[in-house]
There are 2 protein chains.
Amino acid sequence: MTVTIKDVAKKAKVAPSTVSRVIADHPKITQETKEKVRKVMQELGYHPNLLARKLVTQSSQTIGVIRKMSSKYLLSDPFFPEALQGINDLLRAKKYSILTVNGEAEDEIYQEVVNMVQGKSVDGMILLYSQYQDPVFDFLVEQDFPFTMLGKPTEHSNKVMYVDNDNVKAACDMTEYLIQLGHTRIAYIGGDPKFEVHKDREQGYRQALIQANIQTEHIFRQEVSKENARNVVQQIMAQQPRPTAIVTTDELRAMSILSALYEQKLRVPDDIAVTAFTNSMLSELSSPPLTTMDIHPFQLGYETAKSLVDLLENPKMMKRNILVPATIVTRESCKKM
Amino acid sequence: MTVTIKDVAKKAKVAPSTVSRVIADHPKITQETKEKVRKVMQELGYHPNLLARKLVTQSSQTIGVIRKMSSKYLLSDPFFPEALQGINDLLRAKKYSILTVNGEAEDEIYQEVVNMVQGKSVDGMILLYSQYQDPVFDFLVEQDFPFTMLGKPTEHSNKVMYVDNDNVKAACDMTEYLIQLGHTRIAYIGGDPKFEVHKDREQGYRQALIQANIQTEHIFRQEVSKENARNVVQQIMAQQPRPTAIVTTDELRAMSILSALYEQKLRVPDDIAVTAFTNSMLSELSSPPLTTMDIHPFQLGYETAKSLVDLLENPKMMKRNILVPATIVTRESCKKM
DNA sequence: CTGAAAGCGCTTACAG
DNA sequence: CTGAAAGCGCTTACAG
């Protein structure tokens, strides 16, 4: 029913191997035969079966992209679509397909990853998160399977290639920016430090305070939700003297805080300053627009994919990690004290 | 190097076909042989090569999910992650893998889709958009390739299965809601009607006005951007008498409008009411929280995937389309006149 | 209940 | 420059 290389060969009166070589545009086939074969391919409506090619070449030309939704809010974080777009663009250019895995349940993800690797469905993997004691990570390291991470690994960092911002520096820079604006009482609202990114940003915040000789730190760790935001805002406002600025680690978190402040009729930036990370469209569209650390999600994704492809093309390459500089974009959510 | 079915067969002293049957848990193999073979599989660390299986069974157990980014802002629209999650969950449960295609350039997407179909890389496809005269759509219909759409097709709607809201009704309901609140001058801000969803929602808006005997319609079609929002708000405010409510068709659009109103120091809902569609976290987190038409993106995605799997399992099934009811969620962005 | 054989649709040394 | 042959790793009638 489907037309195969043999059908083309028969009709063109050549061997199947010749047809195969024409498909690959092999240099040693005469222009004449190529044209003849191509004409027949046209006539018969032939299209190579990729599955068969993959089986014989032992290469799937496919990359698995693993995303872990540790909580519902991560689903909406605009960081991921932008990073995925970067991965997508690079891989498309390099003729790789993308097989996605995303889920909440750790063991579901783990099982899918194992199947993909063992079943030879992918040539490499990209992990979109970095978490302490992650079974997927451990499995890939143990199998010595090619993969790269968007985010700094918590261990084996000499064996694994990753792409990340310098999150310590980024958070430190953001906090320093607020200090320069005259703030001295600055709160920090981030996520669970079992994720490397949150651990680093907390540390950056602390570092800035220390360097500025500020004694009191205000660290809040929470899932993003409206209720949590109300809670934190209440706690912050109850302090004497109260903080005048809030560093948050992403846009949804920042929006939840803006929302809680709005309910309390607190004005941003007049009553309190708020900052975010990521710099997607949300920072620009929120009211007021958010001063944000632009971590360049697209480029992070792009470079993560590029590192993986480089590794696949040259398995013996020296490992290298890439740090994408993060830059502050100032908008109306902060002002000089 | 990699251990195959043959290696297992040899060591277990059975035929390769027997090993294959053990993997498939074939009922006619004795428990005894099964155990023997499984033990050897364990010892050797055998894992079936999925590529080989797919080749011989002529089935990829993979679905292609096509997303088209007609503009940058669509990248950040929280509708998509939620819908994709629904697709993901259903397909995982049914043991299908997901191959994603997304891009801006129409011909790039088209080329990838053709390759996937011709190359037998996928068993079916899901289209996450519906657009007039879309080459991908035409190709799939012409090939009679199994696919379902999230969104109502512009043509061939008898041949194609789709899942959607009743967008005419949803927009009509939303407009009527505002009318019930006492608004009579209501503006509508949506997207290009070449996309079916926007065509329908415009129509629903019109329908509500007609039913309420309101003569003047205010329709704005625009890409989402801060500048466009400023522009539209300016136009709306310049009218005499000016509209007192704005229907927008998604959350990012609504946020851009809130943002422009905020700049103009116009208060929502006191000076003007604003509504949105989708009802992701953004509606809840924006300031003020948005009254939104909940279109249940997760369920839309889930049902779209389910329809496709049903079709694949039973190619002769009667076509059926699914409409997911949309429901208004009221929040603080509207109030009685 | 199990095995021998053919075949899925391709690629790639090896000859000539 | 092209062909015949083997093989990628599986599954599945067909026998027995």
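So that the names make sense, note that chain A is the first sequence line, chain B the second, and so on, each numbered from 1.
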So if I take every side-chain heavy atom of [X] and compare against [options], which nucleotide ends up nearest?
X      : options                 : value
V14(B) : dG3(C), dG9(D), dT2(D)  : dG3(C)
T30(B) : dT11(C), dC1(C), dA4(D) : dC1(C)
Q58(A) : dT12(C), dC8(D), dG3(C) : dC8(D)
K6(A)  : dC10(D), dC8(C), dA4(C) : dC8(C)
I5(A)  : dT11(C), dG9(D), dG3(D) : dT11(C)

Atom-to-atom span, [atom1] of [X] to [atom2] of [N] - whole angstrom:
X       : N       : atom1 : atom2 : value
N49(A)  : dC8(D)  : CG    : P     : 18 Å
K120(B) : dC10(C) : NZ    : P     : 9 Å
L51(B)  : dC10(D) : CG    : P     : 10 Å
R53(B)  : dG9(C)  : CZ    : P     : 18 Å
L50(A)  : dG9(C)  : CG    : C1'   : 11 Å
K10(A)  : dG3(D)  : NZ    : C1'   : 16 Å
K54(B)  : dC8(D)  : NZ    : C1'   : 15 Å
Q118(B) : dC10(C) : CD    : P     : 12 Å

Q.
For T33(B) and T57(A), find the nucleotide of DNA chain C closest to each by heavy atoms; which residue's nucleotide sits nearer the 5' end?
A.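 Residue closer to the 5' terminus by nearest nucleotide: T33(B).
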
(Q) Judged by each residue's nearest nucleotide on DNA chain C, which is more toward the 5′ side, L55(B) or R21(B)? (A) R21(B)

Q) 5'-most contact on DNA chain D: K28(A) or P16(A), nearest heavy atom basis? A) K28(A)

**Q.** Pairwise side-chain contact, V136(A) with I109(A), heavy-atom cut-off 4.5 Å (strictly under)
**A.**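 Yes. Closest side-chain heavy atoms under 4.5 Å.
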
Q) Do L308(A) and I63(A) touch side chain to side chain, with heavy atoms closer than 4.5 Å? A) yes

(Q) Is it the case that over 12 heavy atoms from other parts of the model lie below 6.0 angstrom from the NZ atom of K68(B)? (A)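 Count over threshold, so yes.
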
Q. Is the number of heavy atoms from other residues, nucleotides or ligands within 6.0 Å of CD (Q118(B)) greater than 12?
A. yes

Q) Does R67(A) count as lying over the ring of Y129(A), i.e. NZ or CZ under 6.0 Å from the six-ring centre, within 45 degrees of the axis? A) no

**Q.** Nearest atoms (heavy-atom pairs only) where N102(B) meets N88(A)
**A.** O-ND2, 2.7 Å

Q) Just to confirm, is there a sub-4.0 Å distance from OP1 or OP2 of dT11(D) to any side-chain nitrogen or oxygen of S20(B)? A)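 So the side chain of S20(B) is within the cut-off, an N or O lying under 4.0 Å from OP1 or OP2 of dT11(D).
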
Q: State the pairing partner of dA13(C); accept Watson-Crick or G-U wobble contacts with both distances under 3.5 Å, and report none otherwise.
A: none

Q: Write down the partner of dA4(D) under the Watson-Crick or G-U wobble criteria, each distance required to be under 3.5 Å.
A: none

Q | Sugar-phosphate, base or nothing in reach of H47(A), heavy atoms under 4.0 Å | A |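 H47(A): backbone/sugar contact only, no base atoms under 4.0 Å.
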
(Q) Between dA4(C) and S17(B), counting only base atoms on the nucleotide and side-chain atoms on the residue, is there a donor-acceptor pair under 3.5 Å? (A)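 In this structure, the two groups form a donor-acceptor pair.
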
